[in-house]
Structures are given as C-alpha cells and as structure tokens.
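Before any comments, here is the structure.
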Amino acid sequence: LWASARGILTDLFLIFIGYRIFAVELISTNQNPVVQEFQRAELSCIIATTKTANPRIEWKKIGSKETTYVFFDNKMQGDWANRAQLNSRTSLVISNVTRADKGIYRCEVVAPEDARIGAEININLTVHVKPVPPKCHVPQSVPVGKSATLQCQEKEGFPEPTYNWYRNGEALPLDSKSSSKFQNSSFTVNTKTGTLVFSEVQKGDTGRYSCRAMNAVGDAWCEDSVMEVYDLNIAGIVGGILVVLLVLTLTALGICCAYRKGFFINNKQDGNSYKTPTKPDGVNYIRTDEEGDFRHKSSFVI
Ligand SMILES: *[C@@H]1O[C@H](CO)[C@@H](O)[C@H](O)[C@H]1NC(C)=O
Ligand SMILES: *[C@@H]1O[C@H](CO)[C@@H](O)[C@H](O)[C@H]1NC(C)=O
Ligand SMILES: *[C@@H]1O[C@H](CO)[C@@H](O)[C@H](O)[C@H]1NC(C)=O
C-alpha cells in the first residue's frame, strides 16, 4: 500500500513538473503601477517559463465599452507607435502617459509549443494628475453677524485634492474654536468639499482669502479675494436714506408726469368732450378749463 501511495505521489509530482515546464507562465513585478501624468510608465509582464522559442505577444487596453489593441501583429497599433515600445521582450513602456491612459491593460502570450499554450496577466495603470488653480468664490461684502460661505473647487487633479483656506497668507484651522488666535471668529473648513463657512461673520474676518488644492502629486492656489465685513447699523442708516431718496424721487416724478399728462389732455380736449363717457369715474378731471380746479383734482388723483 505504502509503495503504491509513493508511486502515485511520484506520478503526481512528475505531472506537476511536466505541467510547469510545458506551460507558458507570466509574472509581473508590479500589477498596479502608479505614475504621474507626462512621465514614463512601465507595465511589467515577464514570461517566467516557456519552451516556445517565439511566443506571440499581444497587449490590449480593456475599456468598459470596448477593448483596443496596443501591441498586435508584432507592432504597436495606432498612436501607440509614437509613444510606446516593448521592453525585455514583453513589458510595455509608455514614454509619456496622459490621464486618458489610465485603466486595465492585458498582456497575452500564446506559446504553441507549450502544453498549455496561452497565458495572460492584467495590469491596472493609475495616472496621478497635479491640481490646476482652483476656482474660488468669496463674497465681496457681508454684514456683521450674518453667515457667509466661501467656495473652492478644482476638477483636474487626481487623486481628488483636499482643500485648505488662507487669510492674509495665514493658514486657517479647520475649526475656529480649535485656535485661541481665531477665538473671535466662527468658521469651519471642509477639506473635502472646499467650503469655508462662517456662521456669524465678525469685523475681524475682513481680509484677503485664498485657497489651496492639494493631492499626492502637487498643489495649486486660487488668487486672493477680499471679503469685507460691514457694520449692519451703518448699512441700516444708508439703506434708510436710500429708501427716503427713492420715495422722494418717485413722488417728484409722479407729480411731474401727472402735470404733463394733465396739460396734454387738457389742450387736446378743448371742445372734444365726446370722449368723456368712456372715462372711468374719479378721473374725470379733464372737463374743466379752469387751471386751478384741474391742478387740485390731478394732485388729488395722485
Ligand atoms: C508629454 O505629452 C504632453 C502632451 O501630450 C506634452 O505637452 C509634453 O511635452 C510631453 N512630454 C514629453 C517629455 O514628451
Ligand atoms: C485599478 O486601480 C484603481 C486605483 O488603485 C482602483 O480604484 C480600481 O478599482 C482598479 N481597477 C480594477 C479593475 O481593479
Ligand atoms: C477678540 O475680541 C476681543 C474684544 O473685542 C479683543 O480684546 C481681543 O483682542 C480679540 N482677540 C483676537 C485674537 O483678536
């Protein structure tokens, strides 16, 4: 029994060795390469075993909708010809990657003289992109005691950037309460969405604001924008004066228009009383030729 068991084991071992020797096998030094945009990327695919002298090598880019050939029929396809080549027989080297190059690439080898003739390996290429200057939105003036929201957004960077806010060149903490220096302010910063929210702005919050977007490969700023905080009382007074001025202007305009209209109709209507019946009650001030009476009535109408 022992002998036959040993025999079976030996047979299995030989079959295993034979399979290893006669099957093409691929390995990669890095199946998840990460590179910066505009740099060189190496997609490692190495034939570990084969007994075929000239195995067929293919590289495909596996898209969610379609799969395209990168290396096929022993040559680079399309625009890959200008920017990619094979290294150490099977690895794919892209000389200048762009963000569009990220994705899954498949290295396929067919070795007809091996027992198992085909093998493939997937490489997931990640392309990091530096942020560009973010777009910032800062309200120009806010009354004391009101809330205010400042926004910062950047859309190119990958991985998605995080955001920090600066006032007059000085970094703001994520929460004003966490720093004695900002005890008179009341704000919070959301580093993920890029918003800086004041629950109640104070005089001391006046300043030049800017924001920085940052990720693993770089950072970028938006230009300073001034946010001014004005006193609500002064605003109230100014507003009141403006309202009074507006009312006075409208009144003056109204009087003026009524005068002009009145004169116009008055001159035209001399001896033309046929229109009178169509006039609604209460505006029947045109029929008299006496100036004083007309004036009195028109101002009454206004
Ligand atoms: C890489 O490509 C970008 C645009 O596709 C180009 O602006 C840049 O000069 C290239 N860099 C190198 C080193 O070829
Ligand atoms: C490729 O890598 C990226 C980043 O590491 C990951 O988010 C993504 O899910 C991977 N894709 C596949 C198909 O594994
Ligand atoms: C906060 O306000 C108080 C009273 O107005 C003032 O004395 C103090 O200096 C302010 N603190 C800071 C850090 O500006």
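Counting starts at 1 for both ligands and their atoms, following the listed order. Start at 1 with the first residue, then count along the sequence.
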Problem set entry | atom 14 (O) of ligand 2 touched by protein heavy atom at under 4.0 Å | yes
For atom 2 (O) of ligand 1, is some protein heavy-atom partner under 4.0 Å away?
yes
* Asked: Quick check: does Asn96 get an N/O under 3.5 Å from an N/O on ligand 1?
  -> yes
Note: ligand 1 atoms sitting under 4.0 Å from heavy atoms of Phe38 are 1 (C), 2 (O), 3 (C), 4 (C)
Is the shortest side-chain heavy-atom distance between Val138 and Gln140 below 4.5 Å? no
In short, Met227 meets Val201 closest at the heavy-atom pair CE-CG1, 4.1 Å
Q. Heavy atoms, side chains only, cut-off 4.5 Å: are Arg40 and Ile94 in contact?
A. no
shortest atom 11 (N) of ligand 2-to-protein heavy-atom contact is with Asn124 ND2, 2.9 Å
- [ ] Look at the rings of Trp80 and Tyr105 and say which category their plane angle falls in: under 30° parallel, 30 to 60° tilted, over 60° perpendicular.
- [x] perpendicular
message: Go through it in stages, so that I can follow the logic: the residues are Ser44 and Thr29, the test is side chain to side chain donor-acceptor pair (under 3.5 Å), and I'd like the CA-CA distance, side-chain angles, deciding distance and then a yes or no.
response: CA-CA 6 Å; Ser44 161; Thr29 58; 3.0 Å; yes
Note: Asn32, heavy atoms under 4.0 Å from ligand 2, region reported as neither
Practice item. Check whether NZ of the Lys or CZ of the Arg Arg167 lies under 6.0 Å from the centre of the six-membered ring of Trp165 and within 45 degrees of that ring's axis. Key: no
closest protein heavy atom to atom 4 (C) of ligand 2 is Thr126 OG1, 3.7 Å
